[in-house]
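Below is one structure, written out as structure tokens; the observations come after it.
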Amino acid sequence: IVIPTFAQSPDGFNYDESRISAYSLPDLFVSLQGQPISSIHQWEFTRRPEILRLFENEVYGQVPRDLDHIAFKLVSEDKKAVDGAAHLKEVDITVARNEREITIRLILFIPNHKETPAPVFLLITHRGHENIDPTRQQKSDFWPVEQLIANGYAAAAFHVSDVSDDHKDTFTEDLLERLYPEQLKMENGMRGLGAWAWGAMRMMDYFERDPDIDAKRAGVVGHSRGGKAALWTGVQDTRWAITVSNESGCGGAALSRRRFGETVKRINTNFPYWFTDNFNRYNDNEDALPVDQHMLVGLMAPRAVYVASASEDQWADPKGEFLSLKLGSRVHREIYGIPVDLPEKLPGVAQPVHLPYIGHHIREGKHNLTLYDWERFMDFADQLYAIKND
Ligand code: GTR
């Protein structure tokens, strides 16, 4: 990506903190009826459902729950994968509705040296298939299976193209055309990101049935567009213990109202198939949004959220991502009483902040998912799962 400077950019992309216009964010703790929200009961029965509905209607579209059948088929396995360190399972997950079906391939490595069930990280990926090579002839830090296994984590991944192609002309293949065609006619219907989240939820359906996996210690991870989908997964599906957003930026962890780097208009123009149709109403009109992205973090409470950024990835607005985490985690603190208080200032590069249930770091370098990022996610999970075991 070529990042234009503000001066060069006719469309007004801003990379200058001093040029951000004043904005005010919707209040997490006041309901649409004007009721103050302070208890867990009010949060879970009033405010959380209404915020969730706003995100569905205005940003990501619905995530349909109805399906007729789900089947899991072990298509290939190797009990001595990764030089004997892991048990590889390739599983085809087939979901049927109204006599039509789609199949998603899960690639799963389970550590051999630890007692199972193992905690697991699932990667939602849109990058080339070589990044999730089950043979491990091609290795990539984007999905460092060997390191996850060495640290006692199962490594799972699926490619978004099995669910919805990452392309504006073909995104309706496979899920939308085959299983939920009525969604395509709705202004608040599911589109690409929602379909990927739906796919991640089917992976969790599998984890719950595999005795080698501890589905209660599962993290969903995505980079960039995958990070947007991971956040939407964690919000929709409370089975995930940890949601990890890596450089998800606009439509992910970054506050839309800052209009720093990528904007709502730009993302809707370049990727008209990611968000629901209604999201177009907020092009150059972010202040009209009834939500902003800190509320996604809030919807995750009391479960864990990790937001990672990169110093040279200004397009994804590291500061806006941090602010979402800081403001959204007020739900953890003020509603659930979890002692999370992020620093006032944006933490420095390579200075991770790992609080119970809230993790953050800024990696040095460009837009990518690297071993450094994964090591921090594992550190954070080690700490979280140790607390939970107490
Ligand atoms: C960019 C897009 C971002 C982000 C990124 C990625 O082109 O503007 O929102 O999703 O792609 O997925 O790597």
Side-chain angles (χ1 to χ4, degrees), residues 1-6 8-9 11-15 55 59-61 123-132 140-143 157-161 163-171 191-197 199-200 220-234 243-276 279-280 282-284 286 289 292-293 296 307-322 324 362-363 365-370 373-374:
I1 299 170
V2 179
I3 298 182
T5 64
F6 187 83
Q8 288 168 330
S9 165
D11 290 338
F13 302 118
N14 180 30
Y15 292 93
F55 274 112
V59 184
Y60 302 101
L123 175 67
I124 303 174
T125 179
H126 66 284
R127 289 242 179 129
H129 279 88
E130 68 280 4
N131 287 294
I132 52 169
S140 146
D141 284 355
F142 194 77
W143 191 45
F158 76 100
H159 199 279
V160 300
S161 61
V163 189
S164 167
D165 225 11
D166 187 21
H167 193 281
K168 69 175 170 28
D169 298 330
T170 48
F171 79 97
R191 300 291 180 266
L193 292 174
W196 303 346
V220 58
V221 181
H223 167 64
S224 204
R225 64 198 73 186
K228 307 179 211 291
L231 287 167
W232 189 227
T233 303
T243 300
V244 181
S245 148
N246 195 71
E247 298 154 38
S248 60
C250 181
L255 289 176
S256 300
R257 279 169 175 76
R258 278 170 50 83
R259 300 173 52 87
F260 187 100
E262 189 169 31
T263 61
V264 170
K265 182 180 180 187
R266 171 70 183 249
I267 205 167
N268 279 330
T269 307
N270 284 1
F271 305 100
Y273 59 102
W274 281 357
F275 298 90
T276 199
F279 197 41
N280 287 305
Y282 306 101
N283 293 347
D284 284 333
E286 291 83 355
L289 267 167
D292 210 320
Q293 301 303 109
L296 271 188
V307 168
S309 307
S311 61
E312 292 174 45
D313 187 12
Q314 295 299 308
W315 185 240
D317 186 12
K319 182 161 179 198
E321 297 187 312
F322 173 74
S324 272
I362 304 177
R363 174 178 49 74
K366 293 194 184 359
H367 186 64
N368 201 358
L369 173 59
T370 72
D373 300 311
W374 282 104

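Just follow the structure's listing: the first ligand is 1, and inside any ligand the first atom is 1. Nothing here was measured: the structure is a model prediction, and the numbers come from that model.
Contacts between Lys228 and ligand 1, counted as non-hydrogen atom pairs separated by less than 4.0 Å, involve the side chain only. With a 4.0 Å cut-off on non-hydrogen atoms, Arg225 touches ligand 1 through its backbone as well as its side chain. The part of Ile267 lying near ligand 1 is the side chain, judged by heavy-atom distances below 4.0 Å.
Residue Trp274 has at least one heavy-atom neighbour below 4.0 Å for each of these atoms of ligand 1: 9 (O), 10 (O).
For Arg363, the side-chain hydrogen bond (donor to acceptor under 3.5 Å, both in side chains) test picks out Glu247, Thr370, Asp373, with sequence neighbours left out.
For ligand 1, the polar-atom distance check finds no N/O of His223 at less than 3.5 Å from any of the ligand's N/O atoms. Taking distance alone, with nitrogen or oxygen atoms compared against 3.5 Å, His367 approaches ligand 1 more closely than that limit.
Taking each of Gly226, Ser224, Ser248 in turn, the one with a heavy atom nearest to atom 4 (C) of ligand 1 proves to be Ser224.
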Legend entry - side-chain contact (heavy atoms from CB on, under 4.5 Å) between Phe322 and Val307, worked out: CA-CA 7 Å; Phe322 173 74; Val307 168; over 6 Å; no
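The aromatic rings of Phe171 and Tyr273 are tilted relative to each other, their planes meeting at an angle between 30° and 60°.
The side-chain heavy atoms of Asn131 and Leu123, taken from C-beta on, include no pair separated by under 4.5 Å.
Side chain to side chain, Trp274 and Asn268 fail the donor-acceptor criterion of an N or O pair below 3.5 Å.
Looking at Glu312 and Lys366, a side-chain N of the basic residue comes within less than 4.0 Å of a carboxylate O on the acidic one, giving a salt bridge.
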